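Just so you know, ligand 1 is whichever comes first in the structure, and atom 1 is the first atom listed for that ligand. Keep in mind that what you see is a predicted model, and the values were worked out from it rather than measured.
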Amino acid sequence: MAASISITTPDDWHLHLRDGAMLQAVVGHTAAQFRRALVMPNLAPPVTDTTMALAYRQRILDCLPADTGFDPVMSLYLTDNTSIDSVRAAAESPHVAGFKLYPAGATTNSDAGVTNIARVMTVLEAMADQGVVLQVHGEVTDDHVDVFDREAVFIEQVLAPLRRDLPELRIVLEHVTTRDGIDFVRGSGDNVAATLTAHHLLFSRNDLFRRGIRPHYYCLPILKRRQHQEALLQAAVSGESSFFLGTDSAPHLRGRKEHSCGCAGIYTAHGALELYAEVFESMQALDKLEGFASHHGADFYRLPRNSGQVTLEQVEWEVPANYPVEEKDSAQGGMAEIVPLRAGETLCWRLCDQA
Ligand code: NCD
Ligand code: ZN
């Protein structure tokens, strides 16, 4: 019999689902693995308030069978114009779990992001007062700062001062990619946590350039050098409650990835838990997977842990070359598709169908 591991049904605390045909194409992958997912608001136009988020949440649910059990938890897009009233509305909604800070221009659809943290200080104070979590894309956008240093510089210039000035604010440093980020979280007490993606745990920047340039390994924050990857791996398997699962699965059409100016984002929702299981197995730490995937995030968000279980078996399966999307790919021509991480390659863990 194949080796297997059962854990409490997990949650994905950082996910991009998009909208329309793309949403329809991807949401089933996440709903098959996770009970809850924190859905990012970087649509065009961005999801800036609770009314928009609840409408988006309904569009997500409409793509799934009625009995799915999947519970999208929404993040709102913080802008220079976010009001105190919208903080109050977010605090009151059971379906909203915070605001996402995108420094303007940092990543996909971030043009409406915050131009200067000083402009949102009163809003952040209101969030701290009301226990609303701030999810942070932790990179500076200054072109003069090397792309591999943008997280470390953001921590030094923005996050550490924010933490000092407003220690009651609860912060998640999303998709942490550096030793600097890990050290910052460890030194910041209970109000600061971080999500870790499967791809930043599995790969370093060498993988972006392995015998050629590999657009499907390009994401933001960009993959870092091996020493940083090692710090992330240690944190993930440490059992520390401030580190938890957030895939940052970010689908883009093939034609927008395989392009002279390719989009940032890696699609991992098709095999998210399997990829994390591979990571934890490689660290001889499968016993730490459950805390990371199913307990720490719920605890940080002050939500109940899930009650069900999922089982992973050690069985090989081949990742499809692509997943179809029911629309035209204008950059590529023809019908659209997403190229998943590890397309055409073998994964060694497989999620069993749930009873
Ligand atoms: C994300 C996307 O495509 O929306 N891209 C990415 O590389 N991670 C945006 C983000 O989370 O930065
Ligand atoms: Zn993201």
How about Phe34 and Asn306: do any of their side-chain heavy atoms sit closer than 4.5 Å?
no

Please tabulate, for the side chains in residues 198-205, all donor-acceptor contacts under 3.5 angstrom to protein atoms that are two or more places apart in sequence or on a different chain.
from	atom 1	to	atom 2	distance (Å)
His200	ND1	Thr197	OG1	2.7
His200	NE2	Pro221	O	2.9
Ser204	OG	Asn206	N	3.3

Sub-4.5 Å side-chain heavy-atom contact between Tyr276 and Thr247:
yes

List, ordered by chain and residue number, the protein residues whose closest non-hydrogen atom lies under 4.0 Å from any atom of ligand 1.
His14, His16, Arg18, Asn42, Thr107, Thr108, His137, His175, Cys219, Leu220, Asp248, Ala250, His252, Ala264, Gly265

Residues at least two apart in sequence or cross-chain that pass ring-ring contact (aromatic ring centres under 6.0 Å, His included) with Phe280, listed by chain then number, are Phe292

Among side-chain atoms of Asp49 and Ser86, is any donor-acceptor pair under 3.5 angstrom?
no

Within 45° of the axis and under 6.0 Å from the centre of the six-membered ring of Phe300, does NZ or CZ of Arg170 qualify?
yes

Between Gln33 and Glu274, do the side chains contain a donor N or O and an acceptor N or O under 3.5 Å apart?
yes

Determine yes or no for a side-chain-to-main-chain donor-acceptor pair under 3.5 angstrom, with Lys257 supplying the side chain and Pro215 the backbone.
yes

Atoms of the protein (N/O/S only) found under 2.8 Å from the Zn ion (ligand 2):
His14 NE2, His16 NE2, Asp248 OD1

Side chains of Arg18 and His252: donor-acceptor distance under 3.5 Å anywhere?
yes

